[in-house]
Structures are given as structure tokens and as C-alpha cells.
*Asks:* 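Below is a structure I'd like to ask you about.
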Amino acid sequence: MNQQALIAILLLSPLIGFFLNGVRFRSTNYVLAGSIATIAVLISFICSVLLFLNLVDLPPEARRITANFFEWIAVDKFKINAGFAVDQISSIMILIITGVGALIHLFSIGYMHHDKGVTKYFAYLNLFIFNMLILVLGDSLLTMFVGWEGVGLCSYLLIGFWFNDSAKAAAGMKAFITNRIGDAAFIIGMFILFMTFGTLNMHELNMLAPTIAESSWLGAVTLGTMMLFIGATGKSAQIPLYVWLPDAMAGPTPVSALIHAATMVTAGIYMIVRLNGLFIVAPNTMMVIAIVGAATAVMAATIGLTQFDIKKVLAYSTVSQLGYMFLAVGVGAFGAGMFHLMTHAFFKALMFLGSGSVIHAMHEEQDIRKMGGLRKYLPITHATFFLGWLAIIGMPPFAGFFSKDEILWKAFSSSQGHILLWAAGVLGAVLTAFYMTRLMALTFWGKSRVDKSVHPHESPWLMTVPLIVLAILSVVGGWVGIPHVISEQIGHIPNFWEHWLEPVIRKLPTVVEGAHHDETMLEWSLMGISVGLAAISALTAYIMYTKKEGASDKVAKAFGPVYQLVNKKYLVDEAYSAGIINPLIEGSKNLWYYVDVNVIDKATYKVTDLVRGGGSFVKSLQTGNMQQYAMYIGIGVVVALSFVLMR
Amino acid sequence: MPETNMITTIGAEHYLVLSAILFSIGMAGVLLRRNLIVLLMSIELMLNAVNISFVTFSYYSGKVEGQIMVFFVMTIAAAEAAVGLALAVSIFKRFKEVNIRFFEHLKG
Amino acid sequence: MNTMLADILLVSPMIALFLFSLIPLSIKVLRGNVEQSPTSTIIISLIGLFLAAGLLIVFGGSGKTAFNGQLVFDGLTQWMGLIAVISAGGAMVLMYENPATRGLQFSELIFLAMNSIVGMLILVSAVDLITVFIGLELMSLSLYLMIAMSHEQKISKEAAIKYFVLGSFASAIFLYGVSFVFGSAGTVNILDLMENAAVLIKTNKVFMFGISFITLGFCFKVSIAPFHAWTPDVYQGAPTPVTSFMATAVKTVSFAAFLRVIATKPLIGSENLFLVLQWFAVITMTIGNVAALVQTNLKRTLAYSSISHSGYILVGVITAGISQNSAFGASSVVFYLLAYSLMTFGAFAIVSLIEKNEGSAIQTDDLAGFAKKQPLLAFCLTIFLLSLAGIPPLLGFFGKFYLFSAAVSEGLLWLALWGVLNSAIGVYYYLRPIVVMYMRDGDCDVSDEKHFGTTVAIVISALLIIVLGLASGPLFNMIENSLM
Amino acid sequence: MLSALIFLPIVFAIVMAFWPQKNTVRHLALGFSLIEFVLSLGMLQKFDSSTAALQMVEQTAWIQRFGISYFLGIDGISVMLVMLTTFLVPIIILGSWNSIDKQVKGFHAALFVLQAAMLGSFLSMDAILFYVFWELSLVPMYFIVGIWGGSRRIYATLKFFIYTMSGSMLMLLAIIFMMRLTPEVTGGYISASLLDFYKLNIPFVAGEFLTPQTLLFFAFAVAFAIKVPVFPLHTWLPDAHVEAPTPGSVVLAGVMLKMGTYCFLRWVIPLFPEAAEHYAWIFIALGVIGIIYGALVAMVQPDVKKLVAYSSVSHMGYILIGLFVMNAYGVNGALYQMLNHGISTGALFLLIGMIYERTHSREISKYGGLAGVMPYFTIAFVIVTMSSIAVPLTNGFVGEFLILLGAYSYSPVVAAFAVTGVVLGAAYMLWMVKRVFFGPKGELVKEDHHPLLDLSVREVVVLVPLIIMIFWMGIFPNHFMDFSKASVDYLVKNKMDYSIPLSPNQAQAQEK
């Protein structure tokens, strides 16, 4: 089949699904709605696979399929096509999006079947897939931005899906507005790049990027990429714009899995990888990205330690993992970043869906303090969740291990790397292991604290099948990118991942010079440190939360105010509202009251009053006494005469 | 205008000054007096001042038109007096009042 | 004999008017002081007016002088005369249908009105200052009586006496000025004055003295501040038809005479007088507008509005005075007066219709609900007021446009600027009645008297304001060509 | 053709005024407005978008003495605004089907006169003719607000009228002054033709305020700035919008505000290019202030209509910036944003009108949870909101993006400030949406005595064209921009020495 047609079908299929469900959004026929939506995404998935196979057939340097459907905006030199490109990077993304997406759609049929708005829900979900595909396929920054904002919109709609709850609607709004801050910077970034390079086509931008790294902070590339990165911090929930993501858990759980774990939130990383040719010549930006990523990874992880809402824990975990990815791209490990993106998509989607299954079973209960011992009620969920847990804490040979290890190694060894970045990464890993284990322990293991009225039960197959598939992926997903050091030991399994991405990824040199053997040793030892620490951490958590009742409280008490601070999420939200939002609203009220009402209108009234005052004055001269009138005439005559004759 | 000597002969200036004084008196009357009839008289006085001025100019310039104009002015003054008195009479009949301070209802 | 006949033909409009004015009065006398039906009176006088207008059109605009250069019949005479006759005719229709004026003495009132019009025609055609004075007095004396004689009303008497005293006072000032002009120049004929005025103005202070007095006398008649003070009181006190008569016809002819004196170019050659007039124009516009803003009485509002319009027209008169070899300024004045007369007449006509009984003071707020009861009349009043405010494409806008473009073309930009600023103030009080009519609930209606004639006159004026507004170009050309 | 476009509505208005049957007035009006729309489509079909030339020129002498002519013409700058006007009127009539219940005939007559005046201002190529239409448009609007408006309608309508009138008075004087200058370029006779005005070379001295070009520039600019409205002159707008009946608000926001920005493009920039360039920073700064100020103030409005009114101030700030950066991006974007704002804000006002008809309240705090009660209404509202806050693939994005791009190429600082509007715009709109549609059911939504019915068929018919336009213009902007591109590019390139080219046969016609 024609490649362009494939791309068109890929894109349009979810859109058609959206319309089919959208026009009958009040229907409660969840089977029909779910089937339409799932089939639409499945079609896209098939197209993605076909495109991927087509791509594989092409020679590595020519692996790029483009489709220009029409000219979108054309003003003067600014010409943007509705153009889409499938290359090595985007092909992986569309596979993840449609693949994981299809699974989550399937899961949703089971999860949402009791909801009145199920058709609307599926419509939104399809719309999201459509926008996400535009985001990843768009071959220029602007077309990407279309999807970028589009997914934001869907996220807004889906977070606020249960709009009758004011807090949920507010969470949606918060997500949109926070993202808008990033988007504003993104727009400026596009302008800088367009003014510098005369194009927004990402392929061309990568080509045109200078070969020599730009050292100035105010260089066009540095500024431009910095702005794009600020955009990414909004979409991918990094410091300082991450605050929306935990609140976004107000949406239905499959949405959290799809949008707020697997796909949308990774858009920032994807964008940077897509523009790696550009970012790599802006070392300052790279440094900022790495630092922000590392900081976010650690900070979000610490918050994750203290949360009791199952989805909140996962949300902070997502923020933390996204931090990892930024750390990766920040140190120039674009391939590793993408790799972690993919594995994370698998295991985090799995965990979210798993949590969904738990919540479903627990009748909308999300507090892990009220769970415990669910293993026996939810065996499949537990098993799959368990695999996901192993993946996320980076236990070999699960998916997370390979990608996380790659990132840590690059953070240490790349020319952009630094030992502190590595240390932060390891700290993050340790914390992750701890809170994830805590989550497992409190939810599935130990004694049941389940309320008597609740009778947990395993979810139907519609929900467990996606869990199983994702669990398998979480296990094997990492095997496509086995590092050399390991593959050398176990039989030279080629690193498909690196090989595949090689033509489109620019690499930074490794600074750890020296003999090949030393490097290998180093890599092994670093790997050992991180895995070992993580394992210890996980074990500690396991003991603390299953074996020793009350140990956690003691620890919490020991930390006292620090614990409180972390539990309250470092009071960032409060600081934002006290420092920015409330002053803005109060200030605006004052602006309205003082400037509009008291200055401008008052000034207008002053003018009218002046005129009216003049009128009253003239009126007061008009006394009705004719002699006074005659006097005016006399005065007029005298003044006029003296003026005429004197001068 | 013939040469005149302020001190020895009575010249145009004297007449004109007289006319100006009369005119001013009339003006002052209009401005200050309260009685309607006196007001009418003051206006007549002003017109007559004009007449003196006309005659003076006519006499000293040797042009006769000025004197003719006086006739016109006198006629019109008479008509004006007639109208004025008619108004005054009708007002007095109606209101029993000739003080012009009475007529201050229209104002503002 | 031939010159005699020619002269008589030239003044035939006045003669015709005078003869027709006698008819109703004679009938009344012959019938033993029994008032004949007002309808026949008004018909006879309207025929007279039409005849006069026709004669004015036929014999008027030749540029010939009559009676040894006392009267001149040129374009200015013709246009201003026609405007005056037509608006006076309209005012007479109002008199016929207004309860305050249509009484036992209707034929006398009409007689006075007709003779006032004769005075007006003399005024517009006079080129000799004494003739000007005669025309002025004939017009004014009739007018004093017209104001006073309508019924036993306190305020109309008061208005009459105020107008009379101040008017005579101003006449005396005017006349005093004439005597000085005569003294210094040896002539009072404007055409003769033109020849040596330029020299006299620079050298002779007595002449300047006289000219200033004359100018100020005119300023009184056309209610230029600070000589305007009589206007609101008299306009308010006089019966509405007479007010309409004063505000349109009288003002038009006064301006015509003013224009004729001033536009005799050298007279305004004095820099100082020129400046004084400019300041007067500014003060007049301002006073008229700001005072109208705070009025509640509709007639008084219109009176102040009339003052402000005098200010605008004075700008045109000044322009006409200083413009070299161009009738642009003068034409703009004529055009503006035409527009002004139509819209002012219309506004007063509607006020006249609304007056329920004698002496009811119509407040602006009383108009509430008028649009519901009388949509056509309300629409017409809207047209008049918008035209007064200068909203295109109505006639008033083009009047202002010509006036101000004439001023700009003569370098009087600041006067034009002040004029437009004032128009913006004016908008407020012109919109007020519209607001009240359309946007407030009430039960304002016309009085029960018959009002067919007035309605027709109103509708015709409104139509003329729209049509002439759109066709203002050719009209202006006609005026300008005839004034060349 | 163009004359027919302008005068047909006047004929309609007269017919309306004398139409004997009360109950068919609305149908008649709708039919008339559709005829007008079809006519304008015919015009569009004849329009040649490849040239910057003035087309379909009609010129007849009107007031020869002053070179004032009845001179109509259309080019790329005006064509889409004409279409916007004819497109919105049928929608307005259908949208006000039930809300206007007194003096129906009068209302529609006023609406048609208003339409004629607006079309006239867009199509006039003669200064005085333009001024006539410009002022004429105030009168019907004045009545629409004053008669059919809310409780403070008289205050609002007077404020509207006097504000606008004060500005245009200065403009009249400036026009007169410019006409005085034309003999230099016409060979001796006065002309009010815009084409002759373009030829004028008015002296300009940078930095000195009292030079002709600067003064004329400000006289025109202030008049238009009041209409737009630009920041410190904007206070009439919220009052007028809040008090106006729904159709009045739609016309006001949809078309009348565009008259101001259009005239900046048609008059101010080409006539006084040096002054415009020299003082552009003032207007750009005011535009930026307008964006931020409008957005902030909109955020705290308790009345939903006032919120949208202030959002207009914010949006018009964008357009102003786009115009005064005077590059192809900015101007194209601004012109496009005019259309967008017309459609999306028009739609917002219609939607607010629909809910107002049901509840008779616009207070945000009394709503809440409307989405559960009126889902279709909510969908429409959210779509329009997205357009208003410029989400890609809706019309608003294209215009806003191009304006920002233009602003960036003028000065990155301007773009940096202007871009805050992107955030604030989302904030105030979504916060309003949240409070009105989401959350627990509010006081008005809960009440049983007036059941909140979802959109009727008529209302759907009103909204669907607007929503179609929102997406059509967002996805295929070229379909619309192509009409104006030639003219705008020509203007931007030749702004220092601008004159609309005439195609040969038109030039001949003008010779005659």
C-alpha cells in the first residue's frame, strides 16, 4: 500500500473513531463505544507496524517516509505544511502509542463499563490518540505543536472527565494552564529557531544545526532550545511545572496510564530526541536539562515516599522517571532516553492499569492504608504488578534495568555527564526502589486492612489481558537494547536499539578514556552499585512495611518536620498559589477597580464634570435680570472696543 | 472735516463729546434704573445721542445725508417708543408692575 | 420710468408680502372687528409668501441694485431671502396650529409676521447701513409684539419686554456705530465704503470705532456671546411658533446682513477685530454647548443649541470675511443656515405639537414614550437632532463639513478644531431627547388639536434634510455659483 | 455590484419598516440577510485574489466642488471583512429569534442599516464617503443598545456613542485638512479620494510632535483606537457589551471593532507611514498592555459577558500589535485574527445570549455544573472557548501565531510580553468554563422552575456554521488568507510609498 495513504489511515482512523463515538456521546452502550474506539486504534497499530516494516526494508540512511498533505500556513517566508514524517524515532513512538493505546482502550471497556459517559470517554480517548500521533509524526515543530496542544486539550477533557467534582475540573484546568506556560515558551522557541534557521522542519533543523557547539548562554540555538525545553517541562512535568501531573490523577485511571504515564508526558523527551542535532550543539541547555531532570527525579521520588494515594505514588513516580529521561537526554544519551521512554511506557502503563484494577476491585478506594493483602484477591493483577515493580526498580533482566542502567552509565561517562548527576540518578533509583516496594507491600502484601464492606474481586478478562501483555513487555522490553558489556558476556546479542537509532542520533564522546577493559570494568561496577543499592533499599522497605508494624511511623516521626514537608509535597502548590496565583487575582481585581473604574472612568467623568461645571456656571450667569444681560453687552462692547482700538 | 480750535470755538469735538455723554447716560440708565418707563426713556436718550452725532458729522463734513438719517432715526425711535409703551402698558395692565426686577422668571 | 419699474419689480416680493398682509386685517376691520376663520387667514398669507418667494426667485438674483444703491438683489439676497421666507412660512403654519397663538388675534399676529418678513427682505437686500437699520427695526418691532401678544401669558410678556429692551439697546449701539462710520467715511453705503475702507481701517480710529459698534450690534442680533444672554429667555418665553420664527428666519437674515457687512472684505481687515470675533466665536460655541448640557427644558436646550450654532456660523462669517476672491466661506454660511433653519424648525415644530396647553413647559424627560405613540414624528425628531449633532449623511453634517473646510482652507484650523470638539459635547444633549423618546416608557403624545399642516411641514423638513444631505454637492455648487 | 451590496440592506430596512405582518418579520429578515450573503458570495467569486489591485471599482462624482466622489472598491484587505459582515448577519438574526421581543421590525431595520453602514465603511475609497458610513454605523448601534439593551442601557449607549463620536470628530478635521493638501498631487483640484490621499507626501520630522504628519496620524489613530478599542480608551466596550442585547454584542464584537483595526490598515499605516513607523512603539506597547490588562481584568469579572468583553480588549491588543509591527507575518496575522475574533467572540456572545434567555442571569457564581444539564451547549461552548484561546486547528491559533511571529521579528521583547496572553487567555477562559459548566450544580442550574433545555434546533443551526468556520479556518487558513495575501504583501512591501494599483481598464475608467 501507498506509504502516504498508510500515514493518512494511521492518523484518520482514531479521528473517525472520535467522530463515530462523539456524535452519539450520550449513549451508554459501552461495548459498541469501546469496540469502535479500540478497533480504530488497532487499525492505527496495524498501520504503524506496516510502516515500521516498510522502514526496516529501507536502507538505514534513507529510513524516512514523509507525507505532505497540504500547505497549512504560508505567509511570506513562513511556510508550514501539514507534513508528517515516519523515521526511526517516530516509528517507535507510534508503535508505543497505538500498541499501548490499544491495550488501554481494551482495558477501559472493562474499567468504564458502569460509567454513564462511556461513549464520550472513548471519543476523547480516540481524539487523544489522534493528537498524539500528530505530535509524534509532525515533521515540523509547528505541526508537532498542533499535537502538543491537542493532547493538552484531551488531557484537560479527560482529567476533568467527572466534571461534577469541582476538584477534578480544577485539576483539568490546572493541567491545561500549566501546560500553556510551557507552550508559550515553546512558541517563543519556535520563533527563535525560525528566525535563525528560516525553517521549522525538524529534519532540516537537525541538518542546519551548526557543527560547533555554541558556548554562549545567549546564542540563538541555546536560547531556542532552552525555550523548547521550558515547553517540555510543562508537558513532561518537570520542575518547576510538574505540579499539574499529580493532580491529573483525578481522571479515570486508564487515562492516567495512557496519557499521564505512557505517552503524552513523554512528549517533551521525544521532542528533544527528535531535535537532538540541535540540542547537542547547545551544551548549556543540555546541562540545564540534565540538572533539572536529575533534580526532578530525586525530588519527585522523595515525595513518592510519603504519599498514601496509590495513584499519587505512581504519579510522583512518573515525574521521577521522566526526570530520568531528561537526565538522559541532558547528558546526550538520546538513545537511552528514548529507550527508557519505551520501557517506562510499558511498566508504568502496566502499573497504572494495575492500580486501576485495584481501585476497581476496591470500589474506588485509592488510599493504600486501607488496602493490604490484596494478593490473594487479585492474583493476576498482583502478578503483573509484581513484574512491573521489578522493572521499575531496575532489577535485571527486566526492562527497567537496561534503560536505567544505560542512563546512569551515560550520566557518568558522557562529556556532558558528571559524577553528581550519576549520584543523583542512583539516589533516585534507591528511592524509587523504596517507595515502589512500599507501594507493593502496603497494597498487595502484609495484612489486609480492607474495609469489611468491600469485597475485592479480580477484574474481568478485558482488564487482565492488557495487564498480562504489558507485563510481558515489561519483562522483555529491555532486551532490544542490551548494553555491550552485558551482551559480550551472554553471547553477543546485538544492541538493536542503538543500531536502529544510529542514523538519526548524534552522539557525544565518552570522556572516560582509557583501555576498553577499564571502561568495561567501570561500567560493571557502576551497574553493580546501583542495582545493589536499589535492592537493599527495596528489601528495607519490604521489611519495614510488611514485617515490622509501625516502623514506618517511627521513621516518619524521626524525620518530623522534614517528613511533614515532604508529605505536603514541599508546599510547592501552596507557594504557587500564595506567590503567583492569588496575587495575580487580587492584583487583577485591584487593576480593574483602580485602573478601569477609578482612573479611566473617573477621568472621563472628570471631563464631563468639568463640562457640566462650565454649564452650571453659564447657567448661573443667566440670572433672568435683563439689566445684567445689558451689563454683559456693555462689558462685551468695552472689552472688544478696547482690544480693537488699543492694540 | 474743518479745522477747529478746542478753546475758542465750539467745534465738532464738543458736540461729539456731548453725544457720547448722552449716550453714556442713556446706557447707564438702561443698566441701572429699575423702572420700565425710565428704561424706555434711557433708550430714547441713546438714540438722540446718535442723532446729535449724525448732525454733527453732517454739519462738519458738509454732507446732507447725515441730517436725512436723523429723520429716519427719529421715525424709528418714535415707532420704538410706541411699541415699547404699548408693551409697558399691557404689562402694567396685566401685572400692575413696572419694576423690571419683577421679570426674572425666565432664567438659568 | 424704466428704472422705476425695474426697481419696483426688484422689490416686488416685499410689496406683495405687504399687500397680502393687509388682506386678513382689512377683512377683519371691514367685518367690524370680527376675526375671520384662521384657515382663510393662513391660506391667504401662505399664498402671499409663495408669491413673494416666486418673485424673489424670478427677479431676485440678478445682482442689480434698486433705489439708488440702497438695496441689492444678488445671490445672497435670493438665498437668504428664500430661506427666511420658507422657514417663516413654516413658522406661520405652526402659529396656525398651536393653541397659544391661534386665538382671537390671529390675523393681527399674521399681519405682524408678514411685516416682519418684509423687514427681513429689506435686511437681506440692504447695502446702506441706514436701510439695514430700517429693515432690522421693522423686523424686530413686529417681532416684539408677536412675542408679547400671544395670550395672557406671563412669560411671553417677560420675554417680549426683555427682548425689546435689550434689542433697542443693541440697536442704539449699532446706530451709534453707523454715525461714526458716516462721520469718518462720509458715507454709509457698504458698496461705497468698500473702496476706501482698507485705508480707513488702518488710519482712522473713529472709523474702526464705528465698525466695531456695528459688528457688535449684529453680534447681538445673531446671539453671539457675550451678547447672547437674551436668547434662552426669549426663546423659552415666546410661544413656540414664534420661537421657531426667531430661531430660523430672524437668525438667517441677521446673519445675511452681518455677512454682507463683514464680507465687504476690507472691513474685517483689522487684525484686532478679526481676533475679537474669533474669540467670540469660540466663547459662543462653548457657552452654547456647555449650557445646553445642563438644561432640562427642551425649548431652552434648543435655545442654547441655537447659540452654539451661531458660534459655528460665525466661524463661517469670519472665513467669508477674510477669504480673497472666493465665495466659499459665504456659501458655507448660506448652506449652514439652510441646514440649520430646516432642522431647528423641525425641532421646534415638534415641540409645538407636543405642547398640550398654553404655557406648558416641555421638559426633555416629558418626551418619554413619544416613539411608541408617534413613531413617524419621533423618527423625524431623531433626524432633526442627529442632523443638529452633525451625524452624516444628514444635512447638518454637510453644513459643518463645508463650514469647517472653509475655515481650514483659510487657515482657521484652531476654530475648526474648537468647533469639532464642541460638536462632540453637543452630541450628548442632542442624544438625550432621543434616549428619552425611544428608551424610556411614558405616554407623551401630541396635543389633541389638529396638526395636519405641522406634520406635513415636519415630514417635508425631515425629507429635505435627508435628500439635500445626499445631494449637498449640487446644492452647494448652486449657492456658490450664485454668490460668485 | 458593491453598491448593491451596500444598498440592498437599506432597501431591506425600508421594506422591514413598512412590512405589515408582525409575525413574519423575522422570516423576512432572515431571507433578506441570506440574499445579501449569497450576493456577497457572488462578489467573492468574481474577486481576483491574485492581484493587489482595487477591484469592482465604482466611481461617480458626488460633491464635485471638493472632489468627493461615490467611490467604492474592494481589495484583499477588505474582501474578507465584507464576507464576515454578510456571514454574521443571518446568524445574528437567527440567533436573536426569541430574545428580541419588542419592536421587532425596528430592530431588524436597524440591523440592516447597520449592516449597510459597516459594508460601506469597508468598501469606501473616498474619505468623506467613508466618514459618512463610519458615523452612520453608530446610529443604529446606538438604538440597538439603547432600546433593546439591559438595565443600564442608556448609560452604556451614550458612553459608546460619545466616545466614538469624539474620536471621529478629530478624524473629520484631519480629513478636511488632508483634502486641502491634495491639489499638490492631483494637479490643482481638491480630492477626497483615498487614492489621491495615498499619493500625498506629508512632511514628517522625526521627534517633533507638531508636524503635519504626526498630528494627522494621531488624529486618525485616536479615532480608530477608540473604536478598536486600545487600552486606555476601552472602558466603553465592557459597558456596551454588557448592556447590549445579544445580537448587538455580536455585531459590536464581530464587526464593529474590526472597523477600527481595518482602518488602521487602510488609512493610518499607508497614509502616514513615517509617523506610523516612528510611533509604532506606542501602539505596540498599548497593544501589549491591552493583552495583559484585558486578560487580567477579564479573569476577575463576575459577569460572563463582561469577561468576554474584556477578552475582546485582550484579543484586539494582539491585532493592534500585528498591525503595527508592519511586517508580512504581523499584518497577515492581524487581518486573519480580525476574522477569527469576529467568529469566535461572536459565537461566545451568541452562546451567552442563549443561556441568558434561559436563566436571565449572567453571573458566573450562580452557575456551575451546567455541563451535566446542557451537554450540547457545553460542547459548543468549549469548542468556541478553544478557538478563543487559540488552540491549534482552530482559527484563533493561526492568527495569534502569525501575530506573535510578526511581533518576534519586530522585537523579541514584544513577543515575550505578548505571549503571556497565551497563558492568561487560557486561564480566564478555562476558569470561567470551570465555574460555569463544571463542579457541583449552581444555584440557577438546580432550580426546577425553569428547566434548562439543551440547544434547540434553531440554536444548533445558528452555531453549526460558526463551529464549521472555526475549524475550517483553523485547518485550511490558506482558503481564506489567499484572498488577502496579495494586497497585504503589497502593502507591507510598499508601505512607504503606497498606492493601490489599478488594473488598466479601471485606470481608464478613472480617467473618464
Side-chain angles (χ1 to χ4, degrees), chain B residues 1 12 16 19-20 23 26-27 29-31 36 39-40 42-58 60-63 65-66 68-73 75-77 79-84 86-88 90-95 98 100 102-108, chain C residues 128-131 133-134 136-138 140-145 147-149 152-169 171-189 206 210 230 232-237 291 294-297 300:
Chain B
M1 212 184 291
L16 290 179
S19 143
F23 192 82
M27 216 165 167
V30 174
L31 292 177
L36 189 55
L39 237 61
L40 293 179
S42 301
I43 289 168
E44 289 305 306
L45 197 58
M46 288 169 80
L47 290 174
N48 283 324
V50 174
N51 280 350
I52 290 177
S53 145
F54 263 125
V55 171
T56 312
F57 283 127
S58 172
Y60 282 92
S61 66
K63 290 192 174 174
E65 288 102 316
I68 298 166
M69 284 168 206
V70 171
F71 287 107
F72 279 107
V73 174
T75 321
I76 286 171
E80 215 167 78
V83 167
L87 282 176
S90 90
I91 283 168
F92 185 75
K93 275 166 90 178
R94 175 92 179 130
F95 300 111
V98 287
I100 52 150
F102 182 72
F103 305 108
E104 290 181 13
H105 301 287
L106 292 164
K107 62 181 175 187
Chain C
D128 194 290
L129 287 174
I130 274 300
T131 328
F133 181 67
I134 290 169
L136 210 58
E137 286 302 304
L138 181 51
S140 305
L141 290 174
S142 314
L143 202 56
Y144 302 145
L145 292 172
I147 297 170
M149 69 179 281
E152 306 296 304
Q153 252 213 57
K154 206 169 162 186
I155 58 166
S156 78
K157 296 283 187 293
E158 181 182 337
I161 201 74
K162 274 183 180 169
Y163 193 28
F164 173 74
V165 170
L166 295 172
S168 310
F169 186 59
S171 297
I173 289 173
F174 174 80
L175 207 55
Y176 200 49
V178 175
S179 77
F180 277 88
V181 169
F182 172 68
S184 53
T187 175
V188 287
N189 192 308
V206 176
W230 61 274
D233 291 4
V234 175
Y235 278 21
Q236 187 191 344
V294 293
Q295 296 303 326
T296 51
N297 184 305
R300 216 169 164 80

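In what follows, every chain begins at residue 1, and chains take the letters A, B, ... in the order their sequences are listed.
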*Asks:* Contact part of I100(B) toward chain C, heavy-atom cut-off under 4.5 Å: side chain, backbone, both or neither?
*Replies:* neither
*Asks:* Roughly how far apart are L87(B) CG and Y163(C) OH, rounded to 0.5 Å?
*Replies:*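 Taking CG in L87(B) and OH in Y163(C), the distance rounds to 12.5 Å.
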*Asks:* Look up atom CD1 in I161(C) and atom CG in L40(B), then write down how far apart they are to the nearest 0.5 Å.
*Replies:*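 One gets 6.5 Å once the value is rounded to the nearest 0.5 Å.
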*Asks:* Can you tell which part of S42(B) gets under 4.5 Å to a heavy atom of chain C, answering side chain, backbone, both or neither?
*Replies:*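 Neither; nothing under 4.5 Å.
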*Asks:* Name the region of T56(B), side chain, backbone, both or neither, that has any atom closer than 4.5 Å to a heavy atom of chain C.
*Replies:* neither
*Asks:* When only pairs under 4.5 Å are counted, which of G26(B), A82(B), G84(B), A79(B) shares the most heavy-atom pairs with chain C?
*Replies:*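 Answer, by heavy-atom pair count under 4.5 Å with chain C: G84(B).
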*Asks:* Without swapping roles, check the side chain of K63(B) against the backbone of G186(C) for a donor-acceptor pair under 3.5 Å.
*Replies:* yes
*Asks:* Quick check against the 3.5 Å criterion: does E158(C) have a side-chain atom that pairs as donor or acceptor with the backbone of L106(B)?
*Replies:*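 Yes, the answer is positive, given that a donor and an acceptor are paired below the 3.5 Å cut-off.
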*Asks:* Between E65(B) and T187(C), is a side-chain contact (heavy atoms from CB on, under 4.5 Å) present by the stated rule, with each step listed?
*Replies:* CA-CA 8 Å; E65(B) 288 102 316; T187(C) 175; 5.8 Å; no
*Asks:* Which one of L175(C), V234(C), I173(C) has the most heavy-atom pairs closer than 4.5 Å to chain B?
*Replies:*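 Maximum pair count with chain B is reached by L175(C).
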*Asks:* For a side-chain contact (heavy atoms from CB on, under 4.5 Å) check, start with the C-alpha distance between F57(B) and S184(C), then their side-chain angles and the critical distance, and finish with the verdict.
*Replies:* CA-CA 8 Å; F57(B) 283 127; S184(C) 53; over 6 Å; no
*Asks:* Hey, could you give me the CD1/OG distance between I43(B) and S171(C), rounded to the nearest 0.5 Å?
*Replies:* 8.5 Å
*Asks:* Should the heavy atoms of other residues, nucleotides or ligands under 6.0 Å from CZ of F72(B) be counted, would the total exceed 12?
*Replies:* no
*Asks:* With a 4.5 angstrom heavy-atom cut-off, could you sort out which part of L138(C) is near chain B: side chain, backbone, both or neither?
*Replies:* neither
*Asks:* A172(C) and V50(B): which non-hydrogen atoms are nearest, and at how many Å?
*Replies:* O-CG2, 3.9 Å
*Asks:* Would you call the rings of Y176(C) and F23(B) parallel, tilted or perpendicular, where under 30° means parallel and over 60° means perpendicular?
*Replies:*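 Y176(C) and F23(B): parallel rings.
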*Asks:* Pick from F169(C), F180(C), Y144(C): which one has the most heavy-atom pairs with chain B under 4.5 Å?
*Replies:*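 Looking at each option in turn, the highest pair count goes to F169(C).
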*Asks:* Could you tell me which portion of I68(B) (side chain, backbone, both or neither) has an atom closer than 4.5 angstrom to a non-hydrogen atom of chain C?
*Replies:* neither
*Asks:* Are K157(C) and F95(B) close enough that some pair of their side-chain heavy atoms sits under 4.5 Å apart?
*Replies:*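 Yes, at least one pair of side-chain atoms sits under 4.5 Å.
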*Asks:* Between V178(C) and chain B, with a heavy-atom cut-off of 4.5 Å, which part of the residue counts as in contact: side chain, backbone, both or neither?
*Replies:*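 Both parts, heavy atoms under 4.5 Å.
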*Asks:* Is the closest side-chain heavy-atom distance between T75(B) and I134(C) below 4.5 Å?
*Replies:* no
*Asks:* Need one label for A159(C): side chain, backbone, both or neither, based on atoms under 4.5 Å from any heavy atom in chain B.
*Replies:* both
*Asks:* Under 4.5 Å heavy-atom distance to chain B, tell me which part of I130(C) shows up: side chain, backbone, both or neither.
*Replies:*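 Only the side chain of I130(C) comes within 4.5 Å of chain B.
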*Asks:* If you measure from OG on S168(C) to CG on L39(B), what distance do you get to the nearest 0.5 Å?
*Replies:* 9.5 Å
*Asks:* Any chance you could measure K107(B), atom NZ, to R300(C), atom CZ, to the nearest 0.5 Å?
*Replies:* 10.0 Å
*Asks:* Just how far is it from atom CZ of F182(C) to atom OG of S53(B), taken to the nearest 0.5 Å?
*Replies:* 9.5 Å
